[in-house]
Every structure is written in C-alpha cells, then in structure tokens.
Engineer: 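Here it is, the structure in full.
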Amino acid sequence: MADSEAEKAGVCSSKNERLSTAMKRTSEWIFSQEIPSDVTVHVGEASFSLHKFPLVSKCGLIRKVVSESSDGDLTSIELPDCPGGAEAFELAAMFCYGINFEIGTENIAMLRCVAEYLEMTEEYAIGNLVGRSEAYINEVALKSLAGAVSVLHMSQTLLPTAEKVKLVSRCIDAIAFVACKDTQFSMVDWWADDLTVLRIDIFQRVLVAMMSRGFKHYSLAPLLMLYAQKSLRGLEVFAKGRKKFEAQHEHEKRVVLETIVSLLPREKNALSVSFLSMLLRAALYLDTTVACRLDLEKRMAAQLGQAALDDLLIPSYAFTGDTLFDVDTAQRIMVNYLDLELELDANEEQRIPSSSSSGELQRVGRLMENYVAEIASDRNLSVSKFINIAELIPEQSRVTEDGMYRAIDIYLKAHPALSDMERKKVCSLMECQKLSREACAHAAQNDRLPVQTVVQVLYYEQQRLRDVMNGGVAEVKLPAAPAKLNIYSNETAAATVSDELSLLRRENADLKLELVKMKMKMREFEKASLSSSPQTNTNTNTNTQLQGDKPPLPKKSFMNSVSKKLGRLYPFVRADGIASNTKGRVRPAKDRRHSVS
C-alpha cells in the first residue's frame with residue numbers, strides 16, 4: 001500500500017511538472033508573436049492561453065465549438081476528454097502554430113489520437129496532422145517489430161480512440177506478420193520483454209494473431225512464462241496464509257492468471273513442472289475458478305515423472321488450522337497421474353513395456369514416498385488422509401518398502417496418541433517381506449510399531465537368514481535400501497549386521513566343538529564296552545529279568561542336543577527345516593513297542 005501511494009504521488013508530481021512546463025512554453029510562443037491571446041483552452045488541469053485563428057484553421061472540433069457558441073466573443077474552451085491529455089494537446093497546438101518538433105514511435109500514437117479527437121483532417125488544411133501521422137505510422141513505425149511493439153504499448157493508454165482509428169489492430173497484425181515471417185523470431189527474442197508490459201487483453205490478442213499466422217503454440221511457452229513471472233510478482237505463494245490485497249488489485253491478478261492458463265500450450269513438456277506448480281500455487285492463492293485449478297493439476301499430473309518434491313509441497317492458504325500443506329491438491333494430482341497411466345495401458349495393450357516407462361513409474365513412486373514422509377510429521381494430518389494418500393503409491397514402483405516404512409515411522413513418532421487399532425492400520429500399508437536388511441534391523445527394535453508388525457519383521461528376517469544359510473535358493477535376495485531412502489546411519493546398520501554374523505559364527509563354532517567332544521566320548525565308550533563285554537552282558541541279562549516286560553527307558557541322543565542348539569538359531573523353524581505351525585497341527589501317535597526315543 002505504501003509503495004503504491006508513493007508511486008501515485010510521484011506520478012502526480014511529474015505530471016504537474018509537465019503541465020507547468022507546457023504552460024510556460026505556450027506563454028513563450030504567445031509572447032514571441034507579440035499578439036495577446038484571445039482564448040484559453042482547458043485540458044484537464046492544464047490551461048493554455050492561445051489564439052483562435054491558428055487553432056480554428058486546422059482543428060475542426062474547435063471551429064465547431066467557436067461557431068456554435070452563443071457568446072460572440074468566446075474566451076474559454078473545455079476539452080476534458082482529450083486523448084493523451086495536456087501533453088498531446090501541446091503537440092497539436094505546436095503543429096497548429098507551425099512550430100517544429102520531432103515525431104517518433106514514442107509519440108506517434110498520441111499524435112494520431114489527438115489529431116482524430118480535434119478533427120485535424122485534410123478537410124480543414126492540406127497536410128494536416130491526421131495525414132502526417134498516418135504517413136509516419138504506415139511508412140516507418142509499423143515496418144519494424146520494435147516500432148510496432150512501441151506504438152502498441154503507447155496505444156493501450158489512448159483507448160478507445162486508438163481502437164477507433166484501428167491503431168491497436170494494425171500494430172497487432174504487424175507484430176504477428178513480422179514475427180512469423182522471419183525465422184529468427186521462431187523463439188522469443190528481445191521483444192518479448194516489451195510485450196510483457198502490455199495489458200493482458202491486448203497481450204492475448206497479440207498471441208492469438210501470431211498463432212493464426214502459423215506461429216507454433218509450443219514456442220509461445222517462454223513468452224507466457226516471462227509474462228506470468230512479471231505480472232504475478234508480489235504474490236507470496238511459498239508462504240502459509242494469504243497476504244491481503246485491495247479487491248481491485250486482486251481481481252486484476254486473478255484475470256491475468258486465468259487468461260495465461262487459457263493460453264498455455266497443450267503439448268506435453270512445453271512447460272516445466274516447477275512453472276506449472278508456481279501457477280497452481282498462485283491459482284489457489286488468488287482463489288481462481290475451479291476449472292483453472294483443475295486444468296493446472298492435470299497438466300502437472302501429465303509430467304509428474306519430472307517433478308521434484310518441492311513442486312508438490314504446496315502450502316495451505318486457508319486459515320482453518322488444517323494441515324500445513326495442501327494434501328487434497330497433491331492427492332488429486334497423483335490420482336490424475338494414475339488415471340493417465342491406466343488410459344495409456346488400455347490404449348497400448350499390445351505395447352511391450354519399455355525401460356523408460358518403468359523408470360518413470362519408479363521415479364513417481366519414490367516421489368510419492370518422499371511426499372508422504374514429508375507430510376507425515378504434520379500433527380494435524382489425520383490417519384484417514386495419511387492412509388488414503390499412501391495407498392496411491394503403485395506397488396510395482398516400490399522395489400523395497402523402506403520408503404513406506406520411513407513415512408510410517410515418522411507418522412507414528414509425530415502422533416504418539418494413536419490407538420493400537422490405528423497403528424495397525426497405518427502399518428498395514430507396508431509389506432514386511434520387502435524391507436531391506438537395514439530396515440529390518442531398525443524395525444525389530446522400534447517400540448513404536450505394533451507387536452504383530454515386529455513379529456512379522458522377525459519372521460521374514462529369520463526366513464531370509466535361513467535362505468542365506470541354505471545357499472539362497474528359496475527366495476530372491478532383496479536389494480539393500482537406496483542411500484536416499486535409508487533412514488538409518490550406515491555405521492549403525494553395519495554394526496548390527498556385523499554383530500549378527502559374529503553371533504552366528506560363535507554358535508557355529510560351539511556346535512562344531514560339541515560335535516568333536518561327542519565323537520571323542522563315543523569312541524571312549526566303545527573302547528570301554530569292548531574291554532568289559534562279558535560283565536556288561538551279565539548285567540544286561542540281570543536288568544532284563546528284573547524289569548520283566550517293561551520297555552527300556554528312552555536315552556538322550558546326540559541329535560537331541562544338536563536340535564536344541566539349532567532351535568536357538570531358528571525359533572520359528574523346526575530342526576528339519578520346515579516352519580513350525582502349531583495351529584491345526586496333529587501329532588502322530590507313537591508306537592511304544594518300537595519307540596527308540
């Protein structure tokens with residue numbers, strides 16, 4: 001507000017200076033003629049003391065005013081609607097007095113309009129100002145692109161007279177003709193900066209005329225980007241909340257934005273995703289039409305594979321105390337992307353999937369995972385919103401579940417008051433068997449996860465270790481987590497894996513040592529039994545007679561002791577390598593007569 005008021009004050013000051021200068025020069029002309037003035041012409045706030053004769057001889061309007069006046073001695077004439085104001089009338093008066101001045105592209109539009117207003121045509125004087133200004137426009141100004149742009153820029157302040165004399169339309173046609181004629185203007189050049197100062201309606205007419213003459217719509221993208229950046233300057237689209245503007249100022253920016261969106265080329269990749277994101281932020285900030293916002297969302301979805309995380313992190317401009325970021329808008333963009341992928345698959349069922357398409361899908365999947373992890377720390381993000389947006393991530397794009405686990409862990413940490421049921425729903429978003437080694441090691445010690453989830457993680461990790469021990473035949477080994485998605489320090493992960501391997505080596509060494517000891521004991525027992533075989537047989541017969549028909553007591557075998565050791569290594573696996581399943585299990589009845597253990 002302060003800047004605009006200061007700017008207005010500066011404009012008024014410069015205007016008053018021009019008016020005083022104009023009146024001073026006019027007085028000098030009159031004094032130089034040594035003839036007292038007989039009429040005062042009022043143009044806006046300025047007054048010019050002049051002579052009727054030179055004005056009436058060339059200005060049809062003033063001749064009519066003087067002739068139609070009831071006052072025989074008219075001394076004052078009011079010209080409130082003079083195009084160009086006092087500055088333009090001063091040039092017209094100088095022309096009437098025969099005073100030389102320079103005509104250029106900066107003042108030709110003003111001269112042509114004021115000549116039309118004052119009716120300075122050939123009917124009243126040969127070589128009058130209308131004919132002279134028309135000659136310069138046709139022979140000089142409109143012959144070059146720079147001249148046409150300059151005249152058009154000045155013409156937008158002279159409406160509606162500039163439209164009446166077709167000055168605006170002729171400048172637009174000249175710009176379109178020159179731009180499409182020369183190949184050097186196939187891309188936006190130096191004149192683009194001049195076009196950005198045009199009013200949005202005239203700017204739109206220029207682009208439409210260029211396209212009608214064959215200028216490629218795709219090539220207009222840089223020009224639209226430049227115009228949008230200049231016209232939407234001042235909008236704090238990267239901050240939460242909205243800055244208050246004057247109603248008229250906000251309406252003007254809203255019209256500009258909606259017009260720019262309607263002019264955007266439809267070709268894919270014509271505009272960057274970051275630029276589309278900036279336009280979408282501005283559209284939400286200015287509360288444009290729903291059609292405008294949905295159009296930008298679909299355009300972003302079509303190029304989501306090129307987007308960065310910041311492009312989706314659109315602030316929420318509402319003051320309702322809702323989420324920090326506009327999650328609903330990001331969710332619609334992701335849904336539009338998935339819909340486009342389904343349409344593409346339906347139209348190209350016979351197409352062999354290419355590596356580029358699968359690579360783009362994986363990039364989008366990582367982008368979505370990073371977005372979910374970024375918004376997970378928002379305490380106002382409800383469980384339903386978190387689950388709904390996380391479920392949009394395509395399964396085929398997730399090589400590992402580390403990104404999903406990272407988002408879930410951040411969400412559980414930021415929302416410690418969740419119930420057990422809510423935590424289970426959140427954790428059901430990931431598949432534990434697709435976690436990397438580092439993620440499994442972290443999840444096994446994560447007290448924020450439900451017990452059921454931790455059990456699943458331990459089970460699949462034990463299964464993976466068993467497959468590694470058996471040569472890795474049963475399952476394909478999952479890759480480790482990418483460095484970007486790894487939420488654990490490399491030192492901690494390496495230390496955990498090293499500790500597990502060391503424990504396995506120690507227990508393996510203990511088993512080998514115990515096996516050697518048992519073999520030595522077996523040999524000693526065999527030697528002792530061979531040396532005392534008669535006594536042993538006698539004792540055996542005596543024991544048999546005392547026991548009668550009772551079967552012998554079971555003895556602890558070497559396999560039993562080894563099985564216990566293996567059980568400590570694989571708590572979910574039986575000694576025969578088959579996973580235990582107590583539910584629904586039926587134990588076969590033993591035949592006591594033939595039992596050996």
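Any value given below was found using the heavy atoms of this structure, including those in side chains, with hydrogens, waters and symmetry copies removed.
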Engineer: Please indicate whether Gln396 has more than 12 foreign heavy atoms, meaning atoms of other residues, nucleotides or ligands, lying under 6.0 Å from its CD.
Structural biologist: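 Yes, the 6.0 Å shell around CD holds more than 12 heavy atoms from other groups.
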
Engineer: Taking Val255's backbone N and O only, do any of them form a donor-acceptor pair with Thr259's side chain (distance below 3.5 Å, no angle check)?
Structural biologist: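 Yes; at least one donor-acceptor contact below 3.5 Å.
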
Engineer: Apply the test salt bridge (charged side-chain N to carboxylate O under 4.0 Å, His left out) to residues Arg254 and Glu258: give CA-CA distance (whole Å), side-chain angles for both, the deciding distance (0.1 Å), then the verdict.
Structural biologist: CA-CA 6 Å; Arg254 187 181 301 113; Glu258 292 174 354; 5.2 Å; no

Engineer: With a 4.5 Å limit on heavy-atom distance, are the side chains of Arg332 and Tyr337 in contact?
Structural biologist: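 Arg332 does not reach Tyr337 side chain to side chain.
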
Engineer: Distance-only, no hydrogens or angles: does the His442 side chain make a donor-acceptor pair with backbone N or O of Arg437 under 3.5 Å?
Structural biologist: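 Flag not set: sc His442 to bb Arg437 has no pair under 3.5 Å.
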
Engineer: When rounded to the nearest 0.5 angstrom, what distance separates CG in Leu280 from CD1 in Ile333?
Structural biologist: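 If I round to the nearest 0.5 Å, the distance is 5.5 Å.
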
Engineer: To the nearest 0.5 Å, how far apart are CZ in Arg299 and CG in Leu279?
Structural biologist: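 If I round to the nearest 0.5 Å, the distance is 9.5 Å.
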
Engineer: Take Leu207 and Gln204, measure what side chain to side chain contact (heavy atoms under 4.5 Å, CB included) needs, and give me the verdict at the end.
Structural biologist: CA-CA 5 Å; Leu207 297 192; Gln204 182 181 17; 5.9 Å; no

Engineer: Would you say the side-chain atoms of Asp326 and Ser316 include a donor-acceptor pair closer than 3.5 Å?
Structural biologist: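 Ser316 and Asp326 do not have a side-chain donor-acceptor pair below 3.5 Å.
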
Engineer: Check Leu304 against Leu367 and note the closest heavy-atom contact, atom names and distance.
Structural biologist: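 Scanning both residues completely, I find the closest heavy atoms to be O-CD2, 3.8 Å.
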
Engineer: Please test Leu220 against Leu263 for side chain to side chain contact (heavy atoms under 4.5 Å, CB included), starting from the C-alpha separation and ending with a verdict.
Structural biologist: CA-CA 9 Å; Leu220 293 177; Leu263 292 172; over 6 Å; no

Engineer: Decide whether Tyr218 and Asn269 meet the rule of one side-chain donor and one side-chain acceptor closer than 3.5 Å.
Structural biologist: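 Side-chain D/A pair, Tyr218 to Asn269: absent.
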
Engineer: Could you tell me whether a side-chain N or O of Gln456 sits under 3.5 Å from a main-chain N or O of Cys432, the two making a donor and an acceptor?
Structural biologist: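 No; judged by distance alone, with no hydrogens or angles, the pair does not exist.
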
Engineer: Decide yes or no for Lys216 and Met211: does some side-chain heavy atom of the first lie under 4.5 Å from some side-chain heavy atom of the second?
Structural biologist: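 No - every pair of side-chain heavy atoms lies 4.5 Å or more apart.
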
Engineer: Using a strict cut-off of less than 4.0 Å between a Lys/Arg side-chain nitrogen and an Asp/Glu carboxylate oxygen, indicate whether Asp409 and Arg448 qualify as a salt bridge.
Structural biologist: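 The answer is yes: the pair qualifies as a salt bridge.
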
Engineer: Would you mind reporting whether Asn380 and Leu324 have side-chain heavy atoms less than 4.5 Å apart?
Structural biologist: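 SC-SC contact between Leu324 and Asn380 ruled out.
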
Engineer: Take Arg423 and Asp420, measure what salt bridge (charged side-chain N to carboxylate O under 4.0 Å, His left out) needs, and give me the verdict at the end.
Structural biologist: CA-CA 5 Å; Arg423 288 193 300 155; Asp420 291 340; 2.7 Å; yes

Engineer: Is any side-chain heavy atom of Tyr371 closer than 4.5 Å to a side-chain heavy atom of Leu309?
Structural biologist: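 The answer is yes; the side chains approach within 4.5 Å.
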
Engineer: To the closest 0.5 Å, what do you measure between CD1 (Ile260) and CG (Leu232)?
Structural biologist: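 One finds 5.5 Å between CD1 of Ile260 and CG of Leu232.
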
Engineer: With a 4.5 Å heavy-atom cut-off, do Leu429 and Ile393 have their side chains touching?
Structural biologist: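 SC-SC contact between Leu429 and Ile393 ruled out.
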
Engineer: Does any non-hydrogen side-chain atom of Lys253 lie less than 4.5 Å from one of Ser231?
Structural biologist: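 Heavy-atom side-chain distance check fails, nothing below 4.5 Å.
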
Engineer: Between Gln303 (side chain) and Leu271 (backbone), is there a donor-acceptor pair under 3.5 Å?
Structural biologist: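 Between the backbone of Leu271 and the side chain of Gln303 there is a qualifying donor-acceptor contact (under 3.5 Å).
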
Engineer: How long is the span from the CE atom in Met300 to the CG atom in Asn336, to the nearest 0.5 Å?
Structural biologist: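 Here the interatomic distance stands at 10.5 Å.
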
Engineer: Identify the two heavy atoms, one from Lys434 and one from Arg398, that lie closest to each other, and give their separation to 0.1 Å.
Structural biologist: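 The pair with the smallest heavy-atom distance is NZ-O, 2.8 Å.
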
Engineer: Let me confirm one number: the CG-CD distance from Asn388 to Glu391, rounded to the nearest 0.5 Å.
Structural biologist: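 Here the rounded value is 6.0 Å.
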
Engineer: So, using salt bridge (Lys or Arg N to Asp or Glu O under 4.0 Å) as the criterion, who are the partners of Asp339 when residues are at least two apart?
Structural biologist: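 If we apply the salt bridge (Lys or Arg N to Asp or Glu O under 4.0 Å) test to Asp339, skipping adjacent residues, there are no hits.
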
Engineer: Would you check if the side chain of His415 reaches a backbone N or O of Tyr411 as a donor-acceptor pair within less than 3.5 Å?
Structural biologist: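 Yes; judged by distance alone, with no hydrogens or angles, the pair exists.
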
Engineer: Quick check for you: to the nearest 0.5 Å, what is the distance between Leu195 atom CG and Phe203 atom CZ?
Structural biologist: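 If I round to the nearest 0.5 Å, the distance is 6.5 Å.
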
Engineer: Restricting to non-hydrogen atoms, name the atom on Ala302 and the atom on Leu340 that form the minimum distance, rounded to 0.1 Å.
Structural biologist: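 Looking at all heavy atoms of both residues, the shortest contact is CA-CD1, 3.7 Å.
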
Engineer: Would you check, one step at a time, whether the test side chain to side chain contact (heavy atoms under 4.5 Å, CB included) holds for Tyr227 with Val256?
Structural biologist: CA-CA 9 Å; Tyr227 191 93; Val256 168; 4.0 Å; yes

Engineer: Taking atom types as modelled and ignoring hydrogens, do the side chains of Asp311 and Gln306 form a donor-acceptor contact shorter than 3.5 angstrom?
Structural biologist: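 Asp311 vs Gln306: no donor-acceptor pair found between side chains.
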
Engineer: Could you check if a side-chain atom of Tyr460 sits within less than 4.5 angstrom of a side-chain atom of Leu435, using non-hydrogen atoms only?
Structural biologist: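 The answer is no; the side chains never approach within 4.5 Å.
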
Engineer: Does some side-chain heavy atom of Phe325 sit less than 4.5 Å from a side-chain heavy atom of Leu312?
Structural biologist: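 No, too far: nothing below the 4.5 Å cut-off.
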
Engineer: For Ser428 and Lys425, indicate whether the former's side chain and the latter's backbone hold a donor-acceptor pair under 3.5 Å.
Structural biologist: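 Judged by distance alone, yes, a pair lies under 3.5 Å.
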
Engineer: Identify the heavy atoms of Val457 and Ala444 that sit nearest to each other, and give their distance.
Structural biologist: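 In this case the closest contact between Val457 and Ala444 is CG1-N, 4.4 Å.
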
Engineer: Any idea which heavy atoms bring Arg281 and Pro315 closest together, and the distance?
Structural biologist: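 Smallest heavy-atom distance, with atoms named: NH1-CD, 3.2 Å.
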
Engineer: Determine the minimum heavy-atom distance between Leu392 and Leu338, stating which atoms define it.
Structural biologist: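 Reported closest heavy-atom pair: O-CD1, 3.4 Å.
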
Engineer: Looking at Lys385, I'd like to know if its NZ atom is crowded, meaning that more than 12 non-hydrogen atoms belonging to other residues, nucleotides or ligands lie closer than 6.0 Å.
Structural biologist: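 Above 12, so yes.
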
